[in-house]
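Take a look at the structure set out below.
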Amino acid sequence: MTTVRGRLPATTVELAVLVSGVSSMGLEILAGRMVAPVFGSSIYTWGSIIGVFLAALSLGYHRGGRRAADANRRDLGTLLLGSAAYVAFVILASEAVLQQALLLPVPPRFASILPVTILFGPPVYWLGYISPYAAELSGKSGIGEASGHVYALGTVGSIVGAFATTFVLVPSLQVAYIGLLFGVLQLGAAGSVLAPSIPRRSIVGVVLVGVLLIGAVVGATAGTTYRGDVVYRTQTPYQSLAVVDDDGVRTLYLGGQRHSAMALGAPDDHVFTYTRYFHLPMLMQDDVDRVLFIGGGGFTGPKAFAARYDVTVDVVEIDPEVVRTAKEYFHVEERPDLRIHVMDGRQFLRETNRTYDVIVLDAYRPTKVPFHLTTVEFMHLAASRLDGDGALVANVIAAPTGPASRFLRAEYRTMERAFPHVYSFRTAPTGGVQNVELVASKDDRLFTKGELHRRNERRDIGIDLDRAIDFYRRDLRTGDVPVLRDDRAPVDRLLDPVLGGQYVVEPVDEETAGNGTNATGRLRTGTEDDVTSDRTAGPGSPAEDRASRPAGAHPPAATGRVTAGG
C-alpha cells in the first residue's frame with residue numbers, strides 16, 4: 001500500500017472507484033425495475049433511464065475533472081455520503097414521485113424522463129465525480145496512467161453491478177433492500193476514504209446516513225400496500241409478484257398490476273369477464289381435443305378448460321416463479337391433461353411437434369408486450385401449429401376505437417396476413433382501454449354474429465357467451481397502422497396512447513354468467529375515463545344486430561369495473 005505526498009492509499013482509491021461503478025450501473029438496472037410498474041418497460045422507458053444516467057455521469061465527470069486539482073479525501077468521502085443519503089430518498093420517495101409524474105401534461109412516451117431525473121440524476125451525478133477525483137488522489141505519476149487505471153476499475157465495477165443486480169439481487173430481494181445494499185456499499189466506501197483519522201463531523205455524517213437508509217427501507221416496506229391481505233410477495237427474474245386476498249377473491253399482481261384472480265370458493269371459475277371469452281372458439285369448432293395457453297399467470301383459463309372439457313391443455317409460462325406460485329396459491333396441479341412448460345412461447349411453438357385446436361395468447365400486459373409474440377412471422381408460426389379449422393385467441397389490452405386502439409388494429413391487420421378470418425370482441429360497453437379479444441380462425445367459413453348467437457343457444461359448452469357475441473366486430477380500420485414484422489414491430493409507439501388511459505377489467509356478472517360460472521366474493525367497482533366515445537350504432541355494434549339476435553337471447557348486461565392495478 002503506497003502513499004504519495006499525503007494522498008490516499010491506492011487500495012482506498014480503488015475501492016471508492018469500484019463502489020461507484022457497482023452503484024451507478026446497479027442503480028440503472030434497479031431504475032428499470034422501479035419505473036416499469038408505472039410507465040412500463042418499453043423502449044421509451046429504457047431510453048429515458050439510459051439517457052438520464054449517461055447525462056448525469058457525463059456532467060459529473062466534467063465537473064469533477066475541473067475540480068480534481070483541489071480534491072482531498074474529505075471531498076471524496078462527502079460525495080459518497082451524499083450519494084448514499086440520496087439513495088435513502090430514492091427508496092422512500094420513489095413511489096410518490098412516480099405517481100405524481102403521471103399527472104404531468106406530457107405525452108406518455110416522455111413522461112418517465114422527469115421522475116427518473118429527479119430520483120437518479122443527483123446520486124449518479126455525484127458518483128461521476130469519483131473517477132476524476134480518484135485519478136488525482138491515486139498517486140499515479142502520469143495523467144494517462146492514472147485516468148486509464150481509474151476508468152478501467154470503474155468499468156469493472158459497472159460490470160459487476162450489472163450482472164449482480166440482474167442475476168442475483170433482483171430475483172432475490174425487494175427493490176428497497178437492493179437500494180439499501182447500494183447505499184451501504186457507498187457508506188462503507190465513504191468510511192474507508194475518511195479513515196483512519198476520521199473527524200467527528202464525518203462520524204456523525206456516516207451514522208446519520210446509515211440511520212436514513214434503514215429508516216427509508218422501513219418506511220418503504222411499510223408503505224407498499226395492496227388492497228387486501230398480502231399472502232405472498234417476491235421478486236422474480238422478470239417482475240415483482242404478489243398474491244393478495246380481498247373479499248373472497250385471490251389476486252395475482254405482476255409488476256404491480258392485477259394479472260389474474262380466483263374466487264376462493266370456486267377456484268375453477270372465471271372472475272374476470274375477458275377470460276370467459278377464451279371459450280369463443282368452442283362455438284366455432286366441432287371437435288376440440290388439444291389447447292395451448294401461452295402465458296400462465298394464475299392459470300384461470302387453463303384450469304377452466306381442463307375442468308369443463310375433455311381436452312388436453314398445455315401451458316407455456318416463461319417465469320418459473322409464476323408457475324410455482326400458481327401451484328401453491330391458485331390450486332394448479334400438473335396432470336396428464338394439464339401440462340406446464342417453463343419457456344418462451346415462441347420458442348415452444350418453434351420446437352414442438354404437436355398441433356392444437358385452440359391457442360390462447362395471454363402474454364400481453366398494458367405496459368409490457370413482448371413484440372416477438374405480435375409479428376406476422378409469429379402468427380404464421382402459430383397458424384402452422386393449429387389443426388385445419390383451429391383458432392388463435394389473443395388477449396389484447398387497448399381501446400376498441402380512437403388513438404388507443406392503434407396496437408389493437410395493427411395486431412388485427414397482422415393476423416389477417418396469416419388467417420382467413422379475424423374477429424374482434426370487446427369486453428366493456430365503453431370506449432376506454434380494456435381487454436379486447438381477437439379470434440383468428442383457420443376455418444374458411446365466415447361466422448356472422450347471428451350464427452354465433454345460434455350456436456351459443458344450441459351448444460352446451462358450460463358458459464353463456466351471448467354478451468361476448470354482442471360485441472362482435474369485423475370492421476376494424478387498419479389502413480393507418482402497420483403490419484407488425486420481426487424486423488419492424490413498433491409496438492411501443494403503438495401502445496403509447498394506451499399508457500395514457502385508465503385500464504379497467506370487467507368482473508363476471510353473476511346474474512348472467514350462467515351454467516355454474518358465478519364467481520363467489522365481491523369485486524369492488526371502480527371508475528374510468530373514456531378514451532373515446534363509441535356509442536353510435538354501426539357494423540358490429542350491439543345495436544346493429546339486435547333484430548337478428550335469436551329468440552331467447554339476453555341483452556348485454558351492465559357490469560361493474562375494477563381498475564387494473566388499483
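Start at 1 with the first residue, then count along the sequence. Note that the coordinates shown come from a computational prediction; the quantities given were computed from them, not determined experimentally.
Proximity of Phe348 to Ile294: side-chain heavy atoms (C-beta onward) are nowhere separated by under 4.5 Å. Within the 4.5 Å cutoff, the side chain of Leu252 has heavy atoms near those of the Leu241 side chain. Side-chain atoms of Val315 and Phe299, non-hydrogen and from C-beta on, do get closer than 4.5 Å to each other. Between Leu495 and Arg406, the closest side-chain pair of non-hydrogen atoms is not below 4.5 Å. Counting heavy atoms from C-beta outward, Val433 and Pro497 have side chains that stay 4.5 Å or more apart. Looking at heavy atoms from C-beta onward, Ile318 lies in side-chain contact with Tyr238 at the 4.5 angstrom threshold. Within the 4.5 Å cutoff, the side chain of Tyr177 has no heavy atoms near those of the Leu169 side chain. With a 4.5 Å cut-off on side-chain heavy atoms, Gln99 and Leu102 count as touching.
Proximity of a side-chain donor or acceptor of Arg258 to a complementary backbone N or O of Thr251 within less than 3.5 Å is not detected. Remark: side-chain polar atoms of Asp344 are paired, donor with acceptor, to backbone N or O of Gln347 under 3.5 angstrom. Of the possible polar contacts, none joining the Ser192 side chain to the Ala189 backbone as a donor-acceptor pair under 3.5 Å is found. Counting only distance, with no hydrogens or angles, the side chain of Tyr364 and the backbone of Leu373 share a donor-acceptor pair below 3.5 Å. Not a single donor-acceptor pair under 3.5 Å links the side chain of Thr275 to the backbone N or O of Gly301. Side chain of Ser405 to main chain of Leu408: no donor-acceptor pair is present (N/O by atom type, distance under 3.5 Å, no hydrogens or angles). In terms of modelled atom types and a separation under 3.5 Å, the side chain of Thr165 and the main chain of Ala162 share no donor-acceptor contact.
Among residue pairs with one or both ends in residues 44-69, those qualifying as ring pair (Phe, Tyr, Trp, His ring centres under 6.0 Å) are Phe53-Phe120, Tyr61-Tyr151; sequence neighbours excluded.
We find that Asp486 and Arg346 are joined by a salt bridge, their nearest charged nitrogen and carboxylate oxygen being less than 4.0 Å apart.
Pairing each heavy atom of Val170 with each of Thr166, the nearest pair is CB-O, 4.4 Å. Scanning both residues, Ile91 and Ala216, for their nearest heavy atoms gives CG2-O, 3.7 Å. Closest of all the heavy-atom pairs between Gly255 and Pro37 is O-CB, 3.1 Å. Taking each heavy atom of Ala195 and Arg73 in turn, the nearest pair found is O-NH1, 3.4 Å. Heavy atoms only, all atoms of each residue included: Arg365 and Leu254 are closest at NH2-O, 3.4 Å. Scanning all heavy atoms of the two residues, the minimum distance from Pro370 to Ala363 falls at CD-O, 3.5 Å.
His341 and Glu317 share no side-chain donor-acceptor pair at under 3.5 Å. There is a side-chain donor-acceptor pair under 3.5 Å between Ser83 and Gln186. For the 3.5 Å distance criterion, the side chains of Gln235 and Arg33 qualify, holding a donor opposite an acceptor. Side-chain contact annotation: Thr427 with Asn435, donor-acceptor N/O pair under 3.5 Å absent.
Taking Ala16 as the reference, Leu76, Leu80, Ile130, Val193 meet the side-chain contact (heavy atoms from CB on, under 4.5 Å) condition, with sequence neighbours excluded.
Aromatic ring orientation, Phe293 versus Phe278: perpendicular (interplanar angle above 60°, classes split at 30° and 60°). Using cut-offs of 30° and 60° for the angle between ring planes, the Phe272 and Tyr274 rings count as parallel. Between Phe163 and Phe167, the ring-plane angle classifies as parallel under the 30° and 60° cut-offs.
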| said: Working note: Asp492 + Lys368, criterion salt bridge (Lys or Arg N to Asp or Glu O under 4.0 Å); need CA distance, chi angles, decisive distance, verdict. | reply: CA-CA 9 Å; Asp492 294 324; Lys368 185 177 181 180; over 6 Å; no
| task | Let me see the working for Leu484 and Phe371 under side chain to side chain contact (heavy atoms under 4.5 Å, CB included), right down to the final yes or no. | result | CA-CA 9 Å; Leu484 304 176; Phe371 86 90; over 6 Å; no
| query | Do Lys327 and Arg324 pass the side chain to side chain contact (heavy atoms under 4.5 Å, CB included) test, and can you show the C-alpha distance, the side-chain angles, and the key distance before you say yes or no? | reply | CA-CA 5 Å; Lys327 290 179 177 180; Arg324 194 198 68 78; 5.9 Å; no
| request: Please lay out, stage by stage, how Leu187 and Val206 fare under the test side chain to side chain contact (heavy atoms under 4.5 Å, CB included). | output: CA-CA 7 Å; Leu187 195 62; Val206 170; 3.9 Å; yes
| task | Take Ser41 and Thr45, measure what side chain to side chain contact (heavy atoms under 4.5 Å, CB included) needs, and give me the verdict at the end. | result | CA-CA 6 Å; Ser41 57; Thr45 300; 5.7 Å; no
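One finds the CG atom of Leu153 at 5.0 Å from the CD atom of Glu14 (value rounded to the nearest 0.5 Å). With rounding to the nearest 0.5 angstrom, the CG atom of Leu57 is 12.5 Å from the OH atom of Tyr129. The CD1 atom of Ile49 sits 10.5 Å away from the CZ atom of Phe39 when rounded to the nearest 0.5 Å. Separation of atoms CE (Met34) and CG (Leu27) is listed at 9.0 Å; rounding is to 0.5 Å. Separation of atoms CG (Leu127) and OG (Ser24) is listed at 6.0 Å; rounding is to 0.5 Å. Annotation: the span from Ile203 atom CD1 to Leu208 atom CG amounts to 13.5 Å, rounded to 0.5 Å.
Within 6.0 Å of CD on Glu334 lie more than 12 heavy atoms contributed by other residues, nucleotides or ligands. Heavy atoms of other residues, nucleotides or ligands lying less than 6.0 angstrom from CD1 of Ile43 number 12 at most.
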